[in-house]
Structures are given as C-alpha cells and as structure tokens.
**Student:** 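I'd like to ask some things about the structure below.
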There are 2 protein chains.
Amino acid sequence: MSLRYAALALLSAQPMTGYELVRYFDDTVGLMWAASDSQIYPELRRMERDGLVRAKTVPRGERAAKRQYKITAKGREALRTWVSTPIPYPPQRDVHRLQITYGELAGLSEARALLTQHLDHYTLRRHQWSTLLDTIKTARFPLLRRRLEGTPPEMHSRILAFKELALEGQVAHADNEIAWARRGLKLIDELEAAEAEEPDLRADLRE
Amino acid sequence: MSLRYAALALLSAQPMTGYELVRYFDDTVGLMWAASDSQIYPELRRMERDGLVRAKTVPRGERAAKRQYKITAKGREALRTWVSTPIPYPPQRDVHRLQITYGELAGLSEARALLTQHLDHYTLRRHQWSTLLDTIKTARFPLLRRRLEGTPPEMHSRILAFKELALEGQVAHADNEIAWARRGLKLIDELEAAEAEEPDLRADLRE
DNA sequence: GTAGTCATGTAAGAGGTTACATGATTAG
DNA sequence: CTAATCATGTAACCTCTTACATGACTAC
C-alpha cells in the first residue's frame with residue numbers, strides 16, 4: 001500500500017500524467033520507496049477507481065492523448081490519514097549482513113569483494129540522498145516549489161524541516177554502512193596479516 | 001532465495017528437524033533474515049528435492065515420526081558459493097522514512113508518535129542484536145559451539161570475527177536509528193516552541 | 001485429563017520483478 | 001527520416017503474509 005501513498009504525495013504537489021509521475025519518482029520519493037513504471041500505471045488506475053485521484057484526458061499532438069491525474073479531496077484526506085498512522089515494522093531482512101555472518105565460508109578475497117561492493121553501493125546512495133538534500137535546502141527543486149506555492153507560508157518551515165529530517169536520516173544511514181564496510185575491510189586485512197605471521201597455520205589451511 | 005541459504009547455514013552447524021530449525025531461526029539468522037514457519041517447511045522440501053539436504057525419518061514416541069534434515073556435500077558447496085557471490089542490492093524501501101518526509105501533513109503530536117515508535121522499535125532491535133552479540137563473544141551459544149566443534153581450530157577466530165562484524169553492523173544501525181528518532185523528536189519540540197512564541201501564527205493555523 | 005509443546009503443513013492473496021508489447025510525438 | 005523521448009500498459013512468475021488445519025507427545 002505504500003506505493004499508493006508515495007504516488008499520492010507527489011500528486012499532492014501538482015497534477016501530472018503517469019509518465020511524469022514515473023519520472024519524478026526516481027528522483028524524489030523513489031529514493032525512499034522505489035517503484036517501477038509497470039507498478040505505477042496500474043496503481044494509478046486503482047487509485048482512480050477508489051476516488052483518490054481524478055483523471056482528465058488531454059490531447060497530445062494531433063492523434064494521441066494522455067491522462068492527467070489530479071488528487072481529489074478524498075485523496076488528500078487519505079494521504080493525511082496515512083501519514084498520521086503508525087505503520088507496523090516489517091520483518092528484518094538484510095541479505096548482505098546475512099552473507100557476512102558466514103563470511104568464513106568464503107575466501108578472504110571474496111569477503112573483501114562483498115564489503116567493497118557494500119562500500120560502493122552506499123557511497124552511491126549517500127551521493128543521491130545528499131544531492132537531493134542540498135536541492136531541498138536551497139529550495140531549488142521545482143516540485144517542492146510548486147508545493148510551497150500551494151501551501152500557506154507559515155507551513156513552509158515545517159515542510160522543509162520534515163523533508164530534511166528524513167533525508168538526513170538516509171545520509172546518516174549511508175554513512176553508517178560505509179563506516180561498517182571499512183571496518184570489515186580492516187578486519188580482513190588483520191586476519192590476513194595474522195595468517196602471514198604463522199606459517200604453520202597457512203600450511204594447515206592449505207591441506 | 002535467501003531463505004534457502006539462511007536455513008542451510010543453520011543446518012551446516014548440525015542436523016535438525018524443521019521444528020528445531022524454526023525455533024533456532026528467530027534467535028539467530030532470523031535476526032538478519034526473518035522467516036515464518038509456513039515458509040520454512042515447504043522450503044525444506046524443495047531443498048531436499050534439489051539435493052541440498054537429506055531427510056531421515058526418525059520415530060517420535062510410539063506412533064508419530066519426525067523428519068531430521070542433514071546438509072549434503074552439495075548443500076555445503078551451494079552455501080559456500082552463495083556466500084562468495086556478490087548479491088545485487090534490492091531497491092530502496094523504507095516506509096517510515098517516507099512517512100516522515102511528509103510529516104507536515106500530520107499534526108505535531110502524530111509525528112511525535114511516529115518517531116517514538118521508531119525509537120521503541122530500534123531500541124528493541126538493538127537489544128536483540130547486542131544480546132546475541134554477547135552470547136557469541138563468550139561462545140555461550142550452543143549452536144555456535146557445535147559449529148566450532150565441527151571445524152578445525154585455526155578457523156575458529158574467523159568464524160567468530162565474521163559473526164561479530166555482522167552483528168556489530170546491526171547494532172550500529174540500531175544506534176543510528178535511535179539517534180535519528182531523538183533528533184526528530186527534538187526538532188518537533190523546537191517547531192512547537194517556535195509556534196508558541198508567535199500567537200498570530202497559532203491563530204492562523206487554527207483557521 | 002488437559003494444557004503446553006512438538007511437529008508439519010496447505011491455501012488464498014498481496015505486492016513486487018522481469019520481460020514483453022505498442023505506438024505517437026518531437027527535435028535534429 | 002531517424003533517434004530519443006513521451007506515453008501506457010499486460011502477463012507470468014516469485015516471495016512473503018495471513019489464516020487455517022491437524023494431531024501426537026509429555027509433564028502436571
């Protein structure tokens with residue numbers, strides 16, 4: 001159900017077509033809740049069926065048409081309710097941590113590769129999140145501007161504050177994973193050094 | 001597919017029945033990769049079909065029977081391959097961060113409730129992870145003992161090192177989320193204080 | 001005897017992934 | 001005219017969730 005509210009959140013800033021929504025998604029809410037276009041189009045239809053959005057068919061060129069979706073009052077209400085309602089935490093599931101738990105089964109160089117991948121992955125994520133954070137802090141994001149234009153000025157600081165808080169959380173998370181991967185890489189170096197100092201042990205391992 | 005390898009990892013320590021596996025799960029690998037019993041039993045059958053485990057039917061009391069699963073050589077090999085292979089990162093999905101992103105739509109007290117829930121949740125998780133970490137550091141965990149008994153002594157430090165690394169990652173993650181939730185709660189206090197100082201603003205918001 | 005634990009599943013459904021499929025419009 | 005972009009989906013499959021279902025064993 002989260003996809004529905006991620007989409008609704010975008011539509012609460014301005015009306016748009018499914019295509020535009022798909023485009024915005026990846027740069028904004030998609031950094032918190034990813035979704036593919038094959039998911040988004042059908043969901044928009046369901047939201048329309050449930051009265052959360054209303055679609056207007058607008059001509060596009062000579063022959064084609066596109067559907068522009070606009071959030072309804074019911075949709076705004078549903079979004080507000082969702083945001084205000086505590087959601088149960090999903091079961092813990094982290095493949096990469098599970099993998100490292102049994103790292104002794106891999107060779108040290110394979111384990112090193114896993115942690116290097118982890119480091120690279122979260123470095124990229126950190127970059128994406130902190131980039132968005134910057135554009136929000138300076139209110140350079142077009143969609144955010146539209147949102148601010150549509151709300152009373154007294155609310156502006158709150159709107160910015162919550163978005164910054166969320167993104168700072170993501171950046172901190174990335175930093176944490178980066179630090180962890182480095183710690184792991186250091187650990188592997190130490191394990192390797194310890195082995196190099198004990199030729200008997202190395203002989204044992206080769207058996 | 002991760003469920004399969006989480007189960008295989010447990011079975012690589014010692015043979016057990018589906019029921020025992022289910023019990024161990026929640027206290028060990030389940031803290032990294034959660035799974036329900038309704039998932040585990042069918043998966044064990046599929047693993048048997050694929051030759052990763054072999055089941056032996058052992059009598060239980062007079063009339064009943066139970067199936068004890070033992071990892072095969074093929075199973076050990078599959079597990080080692082899985083641990084050594086980098087796994088693509090799943091799409092980012094964090095409902096709670098998404099929710100806070102639009103926190104301005106909720107009231108401040110509702111937003112506070114969300115962050116309090118976050119704090120409580122990760123406090124519990126932190127406790128679970130650090131408890132397991134302690135029992136591992138002191139090698140008090142029975143299953144881990146069995147695992148160590150079944151491996152050459154030179155490998156023992158590695159086995160412990162990787163498990164500690166993984167759990168320390170989880171603990172650090174929990175600490176990070178706890179700190180974030182506290183920062184959020186402080187932010188809400190500040191927003192509230194700022195409003196209290198501006199009676200005009202409060203009047204505006206009441207309209 | 002009865003409550004708690006041991007033991008093992010099935011079945012319907014939700015949500016997400018991957019691959020496939022199609023065609024108009026516009027900028028160069 | 002051709003490539004990129006705009007635009008909108010369907011279908012098969014996989015994984016996980018939730019609810020249901022059953023019954024033997026054991027300690028009291």
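Reminder, nothing fancy here: chain letters follow the sequence lines and each chain counts from 1.
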**Student:** Which nucleotide, C:dT10, C:dA24, C:dT17, lies nearest any side-chain atom of B:R93?
**Tutor:**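 Selected nucleotide (nearest to the side chain): C:dT17.
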**Student:** Give the rounded distance in Å between these two atoms: CG of A:D37 and P of C:dT22.
**Tutor:**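 That distance rounds to 17 Å.
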**Student:** Tell me whether the side-chain N/O atoms of A:Q39 come closer than 4.0 Å to OP1 or OP2 in C:dG15.
**Tutor:**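 Answer is no, no contact under 4.0 Å.
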**Student:** Between A:S38 and B:Y69, who's closer to the 5' end of DNA chain C by nearest nucleotide?
**Tutor:**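 Comparing both residues, the 5'-ward one is B:Y69.
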**Student:** Which whole-number value in Å describes the distance from A:L3 CG to C:dG16 C1'?
**Tutor:**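 Rounded to whole Å, this separation is 10 Å.
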**Student:** Given side chains that start at C-beta, do those of B:Q128 and B:Q170 come closer than 4.5 Å, heavy atoms only?
**Tutor:**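 Sidechains of B:Q170 and B:Q128: no contact.
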**Student:** Provide, to the nearest angstrom, the distance between the CD atom belonging to A:E43 and the P atom belonging to C:dG16.
**Tutor:**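 Rounded to the whole Å, the gap is 9 Å.
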**Student:** Check whether any side-chain heavy atom of A:R67 sits under 4.5 Å from a side-chain heavy atom of A:T17, and report yes or no.
**Tutor:**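 In short, these two side chains do not touch, never coming nearer than 4.5 Å.
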**Student:** Checking all strands, does B:R60 fall into the base, sugar-phosphate, or nothing category for heavy-atom contacts under 4.0 angstrom?
**Tutor:**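 B:R60: base contact, heavy atoms under 4.0 Å.
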**Student:** How do A:R45 and B:A35 order along DNA chain D: which one's closest nucleotide is nearer the 5' end?
**Tutor:**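 Final value for this comparison: A:R45.
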**Student:** For residues 81-91 of chain B, which residue pairs pass the salt bridge (Lys or Arg N to Asp or Glu O under 4.0 Å) check, not counting sequence neighbours?
**Tutor:**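 Salt bridge (Lys or Arg N to Asp or Glu O under 4.0 Å) check on residues 81-91 of chain B returns no pairs.
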**Student:** Show which side-chain atoms of residues 102-109 of chain A pair as donor or acceptor with protein atoms under 3.5 Å away, not counting sequence neighbours.
**Tutor:**
from, atom 1, to, atom 2, distance (Å)
A:E104, OE1, B:K163, NZ, 3.1
A:E104, OE2, B:K163, NZ, 3.2

**Student:** Figure out the OH/C1' separation between A:Y19 and C:dG23, and round it to whole Å.
**Tutor:**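 The answer, rounded to whole Å, is 14 Å.
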**Student:** Pick one: which of B:R126, B:R125, B:R182, B:R97 meets salt bridge (Lys or Arg N to Asp or Glu O under 4.0 Å) with B:E177?
**Tutor:**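 Only match with B:E177 under salt bridge (Lys or Arg N to Asp or Glu O under 4.0 Å): B:R97.
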**Student:** Atom CD1 of B:I40 and atom P of C:dA7: how far apart are they, to the nearest Å?
**Tutor:**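 My rounded result for the distance is 14 Å.
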**Student:** To the nearest 0.5 Å, what is the distance between CD (A:E110) and OG1 (B:T81)?
**Tutor:**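 Rounded to the nearest 0.5 Å, the CD-OG1 separation comes out at 10.0 Å.
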**Student:** Using only atom types and a distance under 3.5 Å, with no angle test, would you say the side chain of B:W180 pairs donor to acceptor with the backbone of B:L119?
**Tutor:**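 Pair absent, no side-chain N/O of B:W180 close to backbone of B:L119.
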**Student:** Starting at the 5' end of DNA chain C, which residue's closest nucleotide do you reach first, A:A64 or B:Y41?
**Tutor:**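 Nearest nucleotide further toward 5': that of B:Y41.
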**Student:** Using chain B heavy atoms and a threshold of under 4.0 Å, write down where along DNA chain D the contacts begin and end, 5' to 3'.
**Tutor:**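 The protein-touched segment is D:dT15 to D:dC25.
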